[in-house]
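These numbers come from the heavy atoms of this one structure, side chains and all, not from hydrogens, waters or symmetry mates. For this chain, numbers begin at 1 and follow the sequence in order.
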Amino acid sequence: MKRLQTPACALLFCALLGADFGCKGKRGEDEASIQKRLEAKGTINLMDQVSKAPEYQPPADGRLTGRQVEIYLDVRRREQKIRQVALKNLKSKESQAKAEKRDVGLSEAMKAVGDLADVATADLRAAQELGYNPKEYSWIKERVLEAQMLQTTQALNQQMAENHRSLLKMLEDRLNAATDNAQRAEIQRQIDDIRDHASQAAADSDPVKEFNARLLARYKAELDRIQTEEQRISQGVESSSQGGRDGR
């Protein structure tokens with residue numbers, strides 16, 4: 001008989017924890033729970049708490065760890081859920097004002113500004129809710145952005161390197177075929193310029209950023225998914241802002 005009662009007791013225990021938490025002790029990620037927390041803690045209070053968070057001492061070598069990338073992914077997933085709720089609040093107010101064909105009052109305008117602030121600070125709110133130091137998260141975020149920029153630059157450099165190899169091959173063929181000394185000197189100058197450019201690009205490389213970029217490459221699938229969702233949410237923000245301008 002006790003065995004039959006155990007699952008029921010577990011479910012009852014979870015229910016008693018409250019709507020804002022799950023059995024694992026994590027804050028609820030459903031829309032109602034997020035909305036409740038947004039109403040309970042405004043952006044000003046959030047930023048005050050963030051400013052009082054313990055200082056984070058970055059590692060001397062500037063390198064990310066696997067744990068920190070997991071923190072970044074965890075925060076970004078929660079952040080996007082918070083942003084969607086805040087954006088929904090903003091759109092709801094705009095739609096109501098349009099439906100009633102009236103100008104938005106000062107109090108409503110201030111609430112809309114608050115919703116936009118919730119969108120902008122969703123990542124810090126997410127970090128705090130998940131129990132991470134928002135100052136460490138901010139450092140992680142900066143390193144991730146640097147690494148992602150490097151990945152983009154490397155892709156462009158690789159394409160340029162392929163173009164340079166093709167160009168060098170063509171110039172070397174022309175150099176071998178040239179008989180005029182002046183012409184040979186000009187072709188050799190062009191070859192030297194291309195090689196110098198390639199050498200300078202190699203000298204400008206940053207080992208720390210390259211390390212972080214290689215680490216992020218292991219999480220490419222999840223980062224791509226988050227980026228796709230980010231683009232969808234950003235389009236929603238732009239659409240909402242345009243709607244607000246058209247409604248004035």
Run the side-chain contact (heavy atoms from CB on, under 4.5 Å) check on Lys141 and Val75 step by step: do they pass?
-> CA-CA 10 Å; Lys141 182 179 178 180; Val75 170; over 6 Å; no
[X] side chain near [Y] side chain, heavy-atom distance below 4.5 Å:
{"X": "Leu223", "Y": "Tyr72", "result": "yes"}
{"X": "Ile71", "Y": "Arg67", "result": "yes"}
{"X": "Tyr137", "Y": "Glu142", "result": "no"}
{"X": "Gln84", "Y": "Glu31", "result": "no"}
{"X": "Val208", "Y": "Asn212", "result": "yes"}
{"X": "Asp74", "Y": "Tyr132", "result": "yes"}
{"X": "Pro134", "Y": "Asp123", "result": "no"}
{"X": "Lys41", "Y": "Gln128", "result": "yes"}

Scan residues 138-159 for pairs that pass ring-ring contact (aromatic ring centres under 6.0 Å, His included), counting only residues two or more places apart or in two chains.
-> Tyr56-Trp139
Neighbour count >12 (heavy atoms, 6.0 Å) for atom [atom1], [X]:
{"X": "Arg174", "atom1": "CZ", "value": "no"}
{"X": "Leu145", "atom1": "CG", "value": "yes"}
{"X": "Met149", "atom1": "CE", "value": "no"}

Least distance between heavy atoms, [X] atom then [Y] atom:
{"X": "Arg78", "Y": "Ala126", "value": "CG-CB, 3.5 Å"}
{"X": "Leu64", "Y": "Val144", "value": "CD1-CG2, 4.1 Å"}
{"X": "Asp30", "Y": "Ser33", "value": "OD1-OG, 2.7 Å"}
{"X": "Pro54", "Y": "Asn133", "value": "O-ND2, 2.8 Å"}

In the single-linkage hydrophobic clustering (I, L, V, M, F, W, Y; side-chain heavy atoms under 4.5 Å), do Leu216 and Ile226 co-cluster?
-> yes
So does [Y] get a backbone contact from the side chain of [X], meaning a donor-acceptor N/O pair under 3.5 Å?
{"X": "Gln151", "Y": "Ala213", "result": "yes"}
{"X": "Lys135", "Y": "Ala53", "result": "yes"}
{"X": "Glu79", "Y": "Leu124", "result": "no"}

With rounding to the nearest 0.5 Å, note down the distance linking [atom1] in [X] to [atom2] in [Y].
{"X": "Leu168", "Y": "Ile194", "atom1": "CG", "atom2": "CD1", "value": "4.5 Å"}
{"X": "Lys220", "Y": "Gln227", "atom1": "NZ", "atom2": "CD", "value": "11.0 Å"}
{"X": "Asp180", "Y": "Glu186", "atom1": "CG", "atom2": "CD", "value": "11.5 Å"}
{"X": "Glu39", "Y": "Ile34", "atom1": "CD", "atom2": "CD1", "value": "12.5 Å"}
{"X": "Ile191", "Y": "Arg195", "atom1": "CD1", "atom2": "CZ", "value": "6.0 Å"}
{"X": "Leu171", "Y": "Asp193", "atom1": "CG", "atom2": "CG", "value": "10.0 Å"}

Below 4.0 angstrom, N of the basic side chain to O of the carboxylate: do Glu146 and Arg143 qualify?
-> yes
In plain terms, say whether Arg76 and Glu230 are close enough for a salt bridge, that is, a side-chain N and a carboxylate O under 4.0 Å apart.
-> yes
Let me see the working for Leu150 and Asp206 under side-chain contact (heavy atoms from CB on, under 4.5 Å), right down to the final yes or no.
-> CA-CA 9 Å; Leu150 177 62; Asp206 187 322; 5.8 Å; no
Say whether Gln188 and Asp192, considering side chains only, have a donor N or O and an acceptor N or O under 3.5 Å apart.
-> yes
Taking atom types as modelled, is there a side-chain donor on Gln35 or Asn89 under 3.5 Å from an acceptor on the other?
-> yes
Can you list the residues that meet the salt bridge (charged side-chain N to carboxylate O under 4.0 Å, His left out) rule with Arg184, with sequence neighbours excluded?
-> none
Between Glu70 and Thr65, is a side-chain contact (heavy atoms from CB on, under 4.5 Å) present by the stated rule, with each step listed?
-> CA-CA 9 Å; Glu70 293 289 351; Thr65 65; over 6 Å; no
Test Lys209 against Arg214 for side-chain contact (heavy atoms from CB on, under 4.5 Å), laying out the working first.
-> CA-CA 9 Å; Lys209 293 180 182 179; Arg214 288 193 299 271; over 6 Å; no
